[in-house]
Amino acid sequence: MVHVAILGFGTVGSGVAEVLATNGGLIDHRVDDLVRLKYILDVRDFPDSPYRDLFVKDFGAIENDHEVDIVVETIGGAGIALDFTTRALKAGKSVVTSNKELVATHGYELLQLARANGCSYLFEASVGGGIPILRPLTSCLAANELEQVSGILNGTTNYILTRMIRAGLTFDQALAEAQANGYAEKDPTADVDGHDACRKICILAALAFGRHVYPDQVPAQGIRGVTLEDVAYADSAGYKIKLLGRALRQPQGRVCAFVAPHLVPGANPLAGVEDVFNAIAVTGNAIGDVMFYGRGAGKLPTASAVVADVIDIAKDLKKDRHNGWEEGAPDLVVSADGIVSPWYIRAQMSAEQARRRCGDIQLLARGGAPAGEAAFLTAPMAEPEVRERLEGADVGSLYRVLA
Ligand code: NDP
Ligand code: HSE
């Protein structure tokens, strides 16, 4: 029998318990053993839960129980979750998590620790919620030199942008809905300001390019500055505004990674990704372009990915999974200054001034635009150049256009 303990009985943790119970028969069949939930650790009490007899408050009960093979960490953050994960791995228990903050900040050392203790640290649910992406990246695409990984990595912000555009909700109303649906982080500024997408692109970059990329090496801009005016201008030219995380292979083994709102052409599949859905586009030198799409957050979709990792480990508890990457370095990540792209600009200036500053531009229009406002797309150029051309101007928005 394989015994499982869940740490943190919130949105994801309760989903894991539900999937283990609902699909118990087929999980046992696929593992060819009985997989049983033995403990749930949470700071709160759940007297009405069908699992009430499994609850404990002291992690020591799990750590010291030799029957526990797999610990599911769904507390979140890099505080107590780091302590519990470290202790579980040192006790020889494999750990499965949806906690991208922990993987992005401590993944390298935790993977090393797992290997040293003959167990596994798996985190499929940490990127893209229910979308299978990490295992395909390292297994199904293993024959490729990967060139680029990019996509819509945050369900909350994609949900907010979609609801603002489609239902005319305010930013705050749309965020409240995302929180009620269980999509948002405990502190939703992590979603809104791009930090969550940043953690996810760090994990993708580490797996794609083989070295740890830390969140503080990756510039992240969120969606606070995106206005309905920008949405209308983008729409007039057939673009959608999406928050993208991007990681690009660079010469000498370096990586360029960043998170920012982009104008995505309507013909690009990323433009049609709405609500809580995420999509991750990968470019490899053999396969060309491939895309992964699905629900990027939520109780059961995320639990689906967590339980898949539990099943993988339960099938062979002692397998060495080689799912790691090398140590990072301060000079590993290079700035995006060299990445040339067209730009979307909304600024207080006349069309003539826009042309004088930026040369060959495509002017955009929207109903109700005030006099003196210009919105336009530039020819491809690097960020330092576009900023120099706009120096001293009253610029409302400046976003890359995905070529
Ligand atoms: P929740 O806040 O819903 O759940 C976390 C649970 O852990 C809460 O019940 C919390 O209690 C409990 N907890 C807090 N501190 C402790 C502690 N010291 N000991 C035991 N339990 C504790 O978070 P989610 O389920 O939404 O997210 C969990 C992780 O999964 C996060 O890393 C998140 O980023 C990630 N994730 C979430 C997704 C989602 O759709 N929600 C999707 C993919 C990943 P209390 O509420 O009282 O603090
Ligand atoms: N808050 C995250 C999101 C949860 O909205 O994408 C999934 O990682």
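Everything numeric here is computed off the predicted structure, so don't read it as measured data. First listed ligand is number 1; within each ligand, the first listed atom is number 1.
Protein residues with a heavy atom under 4.0 Å from ligand 1 are Gly8, Phe9, Gly10, Thr11, Val12, Leu41, Asp42, Val43, Arg44, Thr74, Ile75, Gly76, Ile80, Ser98, Asn99, Lys100, Ala125, Gly182, Glu185, Lys186, Ala297, Gly298, Thr302. Every protein residue with a heavy atom nearer than 4.0 Å to ligand 2 is included here: Lys100, Asn154, Gly155, Thr156, Tyr183, Ala184, Glu185, Asp191, Asp196, Lys200, Gly296, Ala297.
Between Glu177 and Arg163 a salt bridge is recorded (basic side-chain N to carboxylate O distance below 4.0 Å). Contact check on Arg166 versus Asp275 returns no salt bridge, with no Lys/Arg side-chain nitrogen under 4.0 Å from an Asp/Glu carboxylate oxygen. Ion pairing of Asp196 with Lys200 is present here, as a side-chain N (NZ or NE/NH1/NH2) and a carboxylate O approach within less than 4.0 Å. In this structure, Glu63 pairs ionically with Arg87, as a charged nitrogen and a carboxylate oxygen lie closer than 4.0 Å. With respect to the salt-bridge test (charged N to carboxylate O, under 4.0 angstrom), the residues Lys38 and Glu67 qualify.
Two rings, from Phe9 and Phe55, have their centers less than 6.0 Å apart. Close placement of the His212 and Tyr214 rings is indicated, their centers lying within 6.0 Å of each other.
No more than 12 heavy atoms of other residues, nucleotides or ligands shown are found within 6.0 angstrom of CD on Glu388.
Counting only distance, with no hydrogens or angles, the side chain of Ser126 and the backbone of Lys100 share no donor-acceptor pair below 3.5 Å.
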